[in-house]
Number of protein chains: 2
Amino acid sequence: MPVTIYDVAREAKVSMATVSRVLNGTAVVREDTKQRVLEAIAKLGYRPNAVARGLASKKTRTIGVIVPDVSAAFVAEVVRGIEDIATMYDYHIILTNSDAQLQREVDLVGTMWEKQVDGIVYMTHRLVKEHVDAFEQAQIPVVLCATEDPERRIPSVNIDNRRAGKDAAAYLLERGCQRIAYVTTPKGVSVLSDRRGAGLASVVPKGQFFRVEVASGRYEHALPILKTFLTDHNVDGIVAASDELGLASIHAVQDCGKRVPEDVKVMAFDNTRLATMVRPEMTVIAQPMYDFGAVSMRLLTKLLHDEPVESYNVILQHIVVERQST
Amino acid sequence: MPVTIYDVAREAKVSMATVSRVLNGTAVVREDTKQRVLEAIAKLGYRPNAVARGLASKKTRTIGVIVPDVSAAFVAEVVRGIEDIATMYDYHIILTNSDAQLQREVDLVGTMWEKQVDGIVYMTHRLVKEHVDAFEQAQIPVVLCATEDPERRIPSVNIDNRRAGKDAAAYLLERGCQRIAYVTTPKGVSVLSDRRGAGLASVVPKGQFFRVEVASGRYEHALPILKTFLTDHNVDGIVAASDELGLASIHAVQDCGKRVPEDVKVMAFDNTRLATMVRPEMTVIAQPMYDFGAVSMRLLTKLLHDEPVESYNVILQHIVVERQST
DNA sequence: CTGTTAGCGCGTTCAA
DNA sequence: TTGAACGCGCTAACAG
C-alpha cells in the first residue's frame, strides 16, 4: 500500500530511474520533467524507503553508538553531541549500552555489522585487543570517543588526560596543598582515569600522594569509604575522578568536621551540571563532553566521505574552572 | 565480499531457503542438515544482513525513540529503560532529540517511517493534534512514554499526575505547612506539570497556594526568581516540579536566611540521583523513570506481536520518599 | 522435509 | 536526457 518509487514514476509519466535521479541528484534531469516528478512526489506524499535504499546502495546513513551507559550524566551529554552532528549530516544513530562488559562490547560490533551501520562511535573505559580485532573483522569505520587506544591505531577524540592530571595537581599545589588524594575507580578499570592519576603522581612529591579507590564510582558507595580514609589520613587537597566523586569527597570532608575549602580543597573532573548546582560549587577540570560526541561524529563523517582529516587522534582542550571548593 | 546466505547454502550443500529456515526457525529442518548449515555458518562467519531482511520481511526490528533531550537526567534514565527492554526482545533503537519543538517532533515521525521502524516510543511535554495526525498518517504503532494523550487514543505509560500533586500537597499539609508554593514551568508548557499543579491546587486552601513559574526549569535560571519570590511571599512549603527546581528552591530558601526543613519544607518530583546526593537530601515524589521506558517498550512489543494487553494506558505508581528536606 | 521462484523498493549500469 | 533491466540479500509462498 505504501507509495513506492514506481507509483511516483507512473504519476509523473517517467521511469523510476528518473525519479531516483531527481531524488538523489545523481545525474542531470531536464528542468520540466524534474518539476513533474517533484509534483508527483508531493501529490502522492511519497517517502523513499530507507531500507530498500540501504540494500541497493549499501549505505544506510545510520551510525552505531556504543556506550557504557546512557543514564550516566557524562555519557548522556556525549550522546547528545553525537546525535546533533549526526542529524546535521543526515545520519541516524542506533544507540546501545554495553555496561562496560567486554563480551557485550565486542558482540555489539557484530550486531552493528548486521544492521549495516556506516560507522561506529565507540566509548569504553578500557580498550583492549579484542575490541580492535572486532573492529577489524567488521570492517566498519570506528571513532573512539573519550576513549584511548594506547597504540593509536583507531581514530579517536580525547583530552590529554595525563596533562589534565598534572594541571589538577599543579593547581592544588600552587594553592598550598601539601598532601593530595586522588579519588578514583580501581586501577585498570579506566585507562583515562589511570592516565590522570599518573599525571597527578608525576607532580605531587612522593609520600604526599594518596590514591583512594572506590569500586563503583557512585556517590553513595564512595561516601563511607572516603570518610574512613579521611579519618586515617590528613590530606588537604582532593582530586576526584568525576563530579559525583567530588561531591562525595566534599561531604566526606564535612562529615569529618572539616571545612571545604578552608581545611581541604576539593576539585573534580568533568563539569557536569552537578558541579554548579551544589554548595560549595565545585572547582573542576572541565571536560568538553558535548564536544567529545560532536567532534567524534564529525570526524566519522569525514572518514565516511573521504574528506581530508588533519588528525586522526584529536585532542580537545580541558580547562580548570575555579569555583568555591578550592 | 561479505558472505551471504548463498555462500552458506553452497557450503552446506542445501538451498538458501533451508539456511533461512534454520536461521529463523520458520519451519522444521532435519537435524543433520541443520547441523551442516550451522557448521557452514560458523565456518564462514556468516552474519545475516539485517537490511536485506528488513526489506524482504518488512520488519526491521528497530524502534524509533523520540525524546526532548537525552542529556536531561530524567530522559536519559527513561532511554536506558527503553534500550534495556528493546535489547531483551531483540530490537534496536534509533534515538533522536526533538528539543520539544513541535515541527521537529512531527517531522521525526516521518523520518522514522522512512527508516521503516517497527514502532515508536514517544516522549513530549504536550501532545497536540499535529502529533496524533502524524502518528495516524505514518501508520506506525506508537507508545507515549511519560506523556499524556488527553483523549487517551494513543497507548501510553504514565503515573497519575493529578493524584501525585494531591499527594504532595497532602504530605506537606499533614506536616503543618500552611502556605504552599508550586515551582514549575509556565502553564501550557508541560501537560504533566499542569496536571500536578491542578492536583495541588485542589487540596491546598485557596489563597494559600502559589504558583511560581520558571521559564526554563534550569537551576541557574530558577534560583534568582525563587529568591525574589521568597522575599515577597511567606511560604512554609514548596513543591518543585523537578529535582533540579527542588534544589534551587532549597538554596533559595537558605539564601533568604531561612532553614530547610525547619522554616520551609521542600519536596520535589522525580527522584533522580541528584535528590540523594545533595544536603539536605530531598524528599521527593519518586517517579519510576526507568520503568517509564521499560514498560513503554514492553507495551510496544506486545502491540507489535499482537500479544494481549490488559491496558493501553498504563498507570505506574508514584511514591513519596521522605528525606531530610521536609 | 527441502528446493525453486518471486518479489521487497531502490540504485545503477548500459543503451538509446 | 531518459528508460529497461539487473541485482542488493533475504523472506515467503508454492511445489515437490
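Note on naming: letters A, B, ... go to the chains in the order of the sequence lines (proteins, then strands), and numbering restarts at 1 for each one.
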Between [X] ([atom1]) and [N] ([atom2]), how many Å, whole number?
X      : N      : atom1 : atom2 : result
A:K13  : D:dT2  : NZ    : C1'   : 16 Å
B:R53  : C:dG7  : CZ    : P     : 22 Å
A:L23  : C:dG9  : CG    : P     : 15 Å
B:Y6   : D:dC8  : OH    : C1'   : 11 Å
B:E114 : C:dC8  : CD    : P     : 20 Å
A:Q35  : D:dT2  : CD    : P     : 12 Å
B:I5   : D:dC10 : CD1   : C1'   : 6 Å
A:K34  : D:dT2  : NZ    : C1'   : 15 Å

Which nucleotide in the list [options] gets nearest to the side chain of [X]?
X     : options                : result
B:L55 : C:dC10, C:dG9, D:dT2   : C:dG9
B:V29 : C:dT2, D:dA12, D:dG9   : C:dT2
B:A52 : D:dG7, C:dC1, D:dG9    : D:dG9
A:R21 : C:dG11, D:dC10, C:dT13 : C:dT13
B:Y46 : D:dC10, C:dC8, C:dT2   : D:dC10
B:A17 : C:dG9, D:dG3, D:dA12   : D:dA12
A:V14 : D:dG3, C:dC1, C:dG7    : D:dG3

Determine: side-chain N/O of [X] to OP1/OP2 of [N], distance under 4.0 Å, yes or no.
X     : N      : value
B:S20 : D:dT11 : yes
A:N24 : C:dG11 : yes
A:T33 : D:dT2  : yes

Closest nucleotide of DNA chain C for B:K58 versus for B:S15: which of these residues is on the 5' side? B:S15
Go through B:Q35 and B:E31 one step at a time and tell me if the side chain to side chain donor-acceptor pair (under 3.5 Å) criterion holds. CA-CA 6 Å; B:Q35 285 311 321; B:E31 190 54 30; 3.0 Å; yes
Ionic contact status for A:R298 with A:D84, cut-off 4.0 Å: no
What's the spacing between A:L316 CG and A:I159 CD1 if we round to 0.5 Å?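 If we round to the nearest 0.5 Å, A:L316:CG and A:I159:CD1 are 8.5 Å apart.
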CG of A:L300 to NZ of A:K302: how many Å apart, nearest 0.5 Å?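 The NZ atom of A:K302 is 11.5 Å from CG of A:L300, to the nearest 0.5 Å.
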Hey, which sits more toward the 5' end of DNA chain D by its nearest nucleotide, A:M16 or A:A27?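 Looking at the nearest nucleotide for each, A:A27 comes out on the 5' side.
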Please step through salt bridge (charged side-chain N to carboxylate O under 4.0 Å, His left out) for the pair A:R104 and A:D107, ending with a clear verdict. CA-CA 5 Å; A:R104 185 156 166 67; A:D107 289 347; over 6 Å; no
State whether the number of non-hydrogen atoms from other residues, nucleotides or ligands found under 6.0 Å of A:Q139 atom CD is greater than 12. no
Go through the N and O atoms of the side chain of B:R47 and the base of D:dG9, and report whether any donor-acceptor pair is under 3.5 Å. no
